[in-house]
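Working notes, structure below.
Quick note on labels: first sequence line is chain A, next is B, and so on, each numbered from 1. If you're wondering where the values come from, they're calculated on a predicted model, not measured in any experiment. The basis for the numbers below is simple: all heavy atoms, side chains too, and nothing from hydrogens, waters or symmetry mates.
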Amino acid sequence: MSDQQLEQLEALLAKVQKNRRQDEHREQRAGAGAAQAAIAAPAPTMSAASSRHSEPPSTSVRRPAADQRRPGNATAEKPFNPPIPREEPAAAPAARREPAAAPRREPAAPAAATAASHRGQPQRQSQAPAAPEPIVPRVIEPDPPRATNRPIAQLVSKHVTAVDATFGAMLKRSLSLRPH
Amino acid sequence: MTDAQFDPGGFFQFDLAHGRVRTRGGARVLVLAENVLAPLIVTAVQSGDLTAIRTLGSQLGSIVAQSLPAPANSLPPQVVISYAGSVMSLYGWGSLRLEQWGGALVLVVDGLPPLDEDNLAVAALLGGIFSTLCSAEVACVPLARTTKYIVVDPRIAETVWGWSKSGDNLATIASKLSTAEAS
């Protein structure tokens, strides 16, 4: 074998080892997800039960995902966190809301969560068709103004009318008027 | 305000034996139908001589002045108008009211038969009444298409009459006038 073939073999070997390590990480992470699901499994059931009494179904559906995101609840998965997001970047956001591994190993908890989510869904579906009702504007027009012969405003005098006690004073004032 | 009111009782004395009608003051009067008086008034207006009608107004003013409890200038306007209106209605010259538009006095005469078109005859009658009653020269200018007469100094009567003939209403005319001390 030539040196070049040796180098290719070594590179191949290194790649195989790397892939094997990644597979091991994946399996360990899946196991940790199952353990986390086992820890978190009672929580959705409890929240689903409590949601029947006090909270709307939509909030009870979101709660398991929020619990999974909390690092305190899944201490076992901490060592596996750094390498995982690079491999499956597209699946990461979905995993935050609905853990893909959990339903395979622990069907009871997702069933409860799904049941809770199903309880919430019919309400959303029933609200959806009722909302977009077309708004028809209602036009209210005022009555036509009443016709009048008299002007609306008249200037009678620029000056305050003095109250005269006698007819003579009134007459004197009237006779003193001049065009201005 | 005084409680005095004009007493119309016995104002006219009909002497049927001699065919005479006299007023309380002794003046002899003739009773005329309105359709007889109206052409006479129209003729007087057309000839521009309303002296006779103004004289009639002066006689009525004298009757009012003699009936009043005090000189007209010292009495409340309600009393003066009440007495003047009573005498006018006794002679069949309609009913009289008084309005004040700003500083201007306005006389309103309703219930008159149609006389001349511009109401100049009634204006002359009112001028005679109030000139005698108040011992001052008074012009009563008729306002076109109304039964109202604005009381002004005779020196500005022609101007006010021109405003009225050109279509100014009473409010406009009153707004064009101001007292000497205000202007």
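B/L115 and B/L40 are assigned to two separate hydrophobic clusters, defined by single-linkage of ILVMFWY side chains at heavy-atom distances under 4.5 Å. There is no path of hydrophobic side-chain contacts, each under 4.5 Å, that joins B/L32 to B/V42. Hydrophobic clustering keeps B/V31 apart from B/V87 (ILVMFWY residues linked when any side-chain heavy atoms are closer than 4.5 Å, directly or through intermediates). In this structure, B/F12 is a member of the same hydrophobic cluster as B/L16, with clusters built from ILVMFWY side-chain heavy atoms closer than 4.5 Å. Hydrophobic clustering of Ile, Leu, Val, Met, Phe, Trp and Tyr side chains at less than 4.5 Å, counting indirect connections, unites B/F6 with B/V29.
Nearest heavy atoms, B/S175 versus A/H180: O-NE2, 2.8 Å. Across all non-hydrogen atoms, the minimal contact from A/A165 to B/P77 is O-CD, 3.6 Å. Residue B/Q100 comes nearest to A/M170 through the heavy atom pair OE1-CE, 3.7 Å, listed as atom of the first residue, atom of the second, then distance. B/V151 and A/L171 get closest at one heavy-atom pair: CG1-CD1, 3.6 Å. Considering all non-hydrogen atoms of both residues, A/F167 and B/A72 come closest at CB-O, 3.6 Å.
The closest side-chain heavy-atom distance from A/L175 to B/V138 is below 4.5 Å.
Residue A/L177 holds its CG atom at 12.0 Å from CD1 of B/I173, rounded to the nearest 0.5 Å. Distance check: B/L105 CG to A/R173 CZ gives 10.0 Å after rounding to the nearest 0.5 Å. Note that CZ of A/R178 and CG of B/L177 are 9.5 Å apart. Values are rounded to the nearest 0.5 Å.
With a 4.5 angstrom heavy-atom cutoff, B/S74 touches chain A only via backbone atoms. In this structure, chain A has a heavy atom under 4.5 Å from the side chain of B/L98, while its backbone stays farther away.
By the neighbour-count criterion of 12 heavy atoms within 6.0 Å, atom CZ of B/R20 is densely surrounded, having more than that number from other residues, nucleotides or ligands.
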